[in-house]
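Worksheet: one structure, shown below.
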Protein chains: 2
Amino acid sequence: MEKEAEFCKCNVIHKEVIEKVKPNIPEEKKLEKLETFFKVFGDKTRLKILFALSIQEMCVCDIANLLDMGQSAISHQLRLLKQTNLVKYRKEGKIVYYSLDDSHIEELLTQGIIHIDEKFI
Amino acid sequence: MEKEAEFCKCNVIHKEVIEKVKPNIPEEKKLEKLETFFKVFGDKTRLKILFALSIQEMCVCDIANLLDMGQSAISHQLRLLKQTNLVKYRKEGKIVYYSLDDSHIEELLTQGIIHIDEKFI
DNA sequence: TTAATATATGAATATGTGTTCATATATTAA
DNA sequence: TTAATATATGAACACATATTCATATATTAA
């Protein structure tokens, strides 16, 4: 008896296909990073912050005012963006200025917009 | 009195910055689409499905077996991918074959991988 | 030193999301 | 028709996540 239906009720229909495709799936660790990476873009607030910082650096307070949101909420989101290396910061006295950490990011945002303009409902 | 501290305790520090940046934030509707779009990529299971389908079309059962997951879970995820126009399908009897709907998708996946390889922790 | 202010952060809460389970639907075979 | 099978789907549950609140930290000014 082959390994059958542990999770899936249905039988393996195209075993060759599965064997062919399998080696092309990235390893788990890489997938997790990719998941985290894209997840960061999957939030309106963070997208707004990224678009804003693509224009110029801003301090936390300005971002909060710009987006009409609490300072705490922005700070939490900036922490996430920092952790994923999407933004960097510099301190000037008690003010912290955030900016994009990578020009790739703008490219990715642009590519996203292109896709939704073309295909997305 | 200006509009002050409705949400944010801190004062507006750089009013000009806010005014300069504001017009460059995409409109809410577009942001929501973009959010949804990127959110789809922010899940390991969906990423695996997309990588698999970038090699060749597959039926639901094969995908479930490939990923060692339940048919229902895969079906739910495919629905999401369908709704966001990332995959299309063709029916052959009772078997449904899914495939990528857009070559942009592979590009975006690649760009994601490039980023995490370069910068991401 | 104390007061004021910009930012960070832990906890709580509300909301969103992925998987499972049970079951429905659709198609083919008998 | 009935049985078998591939897929779809609603509901439930467990878990993740965004924001708020309260408060801590850090820096500057007085």
Side-chain angles (χ1 to χ4, degrees), chain A residues 4-14 17-18 31-32 35-36 38-49 57-84 87-98, chain B residues 4-14 17-18 31-32 35-49 57-84 87-99:
Chain A
E4 56 174 346
E6 282 175 304
F7 286 95
C8 180
K9 270 184 318 210
C10 50
N11 305 309
V12 176
I13 301 179
H14 310 93
V17 173
I18 295 177
L31 280 168
E32 273 162 28
E35 179 187 43
T36 307
F38 282 119
K39 205 173 279 184
V40 179
F41 291 90
D43 177 82
K44 254 198 302 184
T45 300
R46 289 191 293 268
L47 283 173
K48 284 179 192 169
I49 294 175
E57 68 168 12
M58 292 181 79
C59 70
V60 180
C61 227
D62 288 346
I63 299 174
N65 277 285
L66 171 68
L67 305 187
D68 214 23
M69 287 176 65
Q71 170 271 322
S72 178
I74 301 301
S75 199
H76 278 297
Q77 295 296 10
L78 284 170
R79 185 156 56 107
L80 229 161
L81 291 168
K82 221 186 321 176
Q83 281 168 357
T84 48
V87 303
K88 57 181 189 293
Y89 67 96
R90 67 181 181 85
K91 252 181 137 173
E92 202 171 275
K94 55 191 167 192
I95 303 178
V96 181
Y97 291 95
Y98 283 87
Chain B
E4 56 173 347
E6 280 175 304
F7 285 96
C8 182
K9 272 184 313 206
C10 51
N11 306 308
V12 176
I13 301 179
H14 310 93
V17 173
I18 295 178
L31 280 168
E32 272 162 29
E35 179 186 41
T36 307
F37 176 68
F38 281 120
K39 206 173 278 183
V40 179
F41 291 91
D43 178 80
K44 253 197 307 184
T45 301
R46 290 192 292 269
L47 283 172
K48 285 179 192 169
I49 295 175
E57 67 168 13
M58 292 181 78
C59 69
V60 180
C61 227
D62 288 345
I63 298 174
N65 276 284
L66 171 68
L67 305 187
D68 213 24
M69 289 177 64
Q71 170 270 320
S72 178
I74 301 300
S75 199
H76 279 296
Q77 296 295 11
L78 284 169
R79 185 156 56 108
L80 229 161
L81 292 168
K82 222 186 318 177
Q83 281 169 354
T84 48
V87 303
K88 58 182 189 292
Y89 66 96
R90 67 183 179 84
K91 251 181 139 175
E92 202 170 275
K94 56 190 165 191
I95 302 179
V96 181
Y97 290 95
Y98 283 87
S99 57

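Naming convention: chains lettered A, B, ... in sequence-line order (proteins, then strands); numbering from 1 in each chain.
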- Query: Side-chain donor or acceptor of A/His76 under 3.5 Å from a matching atom on the base of D/dT20?
  - Reply: yes
- Task: With the side chain of A/Ile95 defined as its heavy atoms from C-beta on, choose the nearest nucleotide among C/dT7, D/dT28, D/dT7.
- Result: C/dT7
- Item | Whole angstrom value for the distance that separates P of C/dA6 from CG of A/Leu78 | 16 Å
- Query: What's the spacing between A/Ile74 CD1 and A/Cys59 SG if we round to 0.5 Å?
  - Reply: 11.0 Å
- Query: Within less than 4.0 Å of OP1 or OP2 of D/dT7, is there a side-chain N or O belonging to B/Arg79?
  - Reply: no
- Message: Regarding A/Tyr98, tell me which of base, sugar-phosphate or nothing describes its non-hydrogen contacts under 4.0 Å with the strands shown.
- Response: sugar-phosphate
- Note on the structure: From CG of B/Asp68 across to C1' of C/dT19 the rounded distance in Å is 14 Å
- Task: Find out whether B/Gln77 and B/Asp43 are in side-chain contact, i.e. whether some heavy atom of one side chain is under 4.5 Å from a heavy atom of the other.
- Result: yes
- Query: Mapping B/Ala73 and A/Ser75 onto DNA chain C by nearest heavy atom, which one lands closer to the 5' end?
  - Reply: A/Ser75
- Message: Please report the distance, rounded to the nearest Å, between NZ in B/Lys44 and C1' in C/dT19.
- Response: 13 Å
- Message: Expressed as a whole number of angstroms, how long is the span from B/Ile74:CD1 to D/dA8:C1'?
- Response: 13 Å
- Using Watson-Crick geometry (N1-N3 plus N6-O4 or O6-N4) or G-U wobble (N1-O2, O6-N3), each under 3.5 Å, D/dC13 is paired with C/dG18
- Message: Does D/dA26 have OP1 or OP2 under 4.0 Å away from a side-chain N or O of A/Lys91?
- Response: no
- Go through the steps to decide whether A/Gln71 and A/Cys61 satisfy the test side chain to side chain contact (heavy atoms under 4.5 Å, CB included), and finish with yes or no. CA-CA 6 Å; A/Gln71 170 271 322; A/Cys61 227; 5.9 Å; no
- With the side chain defined as heavy atoms from C-beta on, B/Asp43 is closest, among C/dG18, D/dA18, C/dA4, to C/dG18
- Message: Side-chain N or O of A/Thr45 versus OP1/OP2 of D/dT19: is the shortest distance under 4.0 Å?
- Response: yes
- Message: Strictly by Watson-Crick or wobble contacts shorter than 3.5 Å, is anything paired with C/dA8, and which nucleotide is it?
- Response: D/dT23
- Query: Please give, in whole Å, the distance from D/dA18 C1' to B/Glu32 CD?
  - Reply: 15 Å
- Query: Can you find a donor-acceptor pair, distance only, under 3.5 Å between A/Gln71 side chain and C/dA6 base?
  - Reply: no
- Item | Expected output: side-chain B/Glu35 to main-chain A/Lys44 donor-acceptor under 3.5 Å | yes
- Message: What is the separation between atom CD on A/Gln83 and atom P on D/dT17, rounded to the nearest whole Å?
- Response: 12 Å
- The Watson-Crick or G-U wobble partner of C/dT28, with both key distances under 3.5 Å, is D/dA3
- Between A/Tyr89 and A/Tyr98, how do the two ring planes meet: parallel, tilted or perpendicular, split at 30° and 60°? tilted
- Query: Looking at the side chain of A/Lys94, which of C/dG18, C/dA8, C/dT5 is the nearest nucleotide?
  - Reply: C/dT5
- Query: Which whole-number value in Å describes the distance from B/Met69 CE to C/dT17 P?
  - Reply: 17 Å
- Message: Should the side chain of A/Ser72 and the base of C/dT9 be counted as holding a donor-acceptor pair, with the cut-off at 3.5 Å?
- Response: yes
- Task: Check the surroundings of atom OH in A/Tyr97: do more than 12 heavy atoms from other residues, nucleotides or ligands lie under 6.0 Å from it?
- Result: yes
- Task: Let me know the distance between CZ of B/Phe41 and P of C/dT17, rounded to the nearest Å.
- Result: 16 Å
- State which of D/dT7, C/dT7, C/dA6 makes the closest approach to the side chain of B/Val60. D/dT7
- Task: Specify the residue among A/Arg46 and A/Gly93 whose closest nucleotide of DNA chain D lies further upstream toward the 5′ end.
- Result: A/Arg46
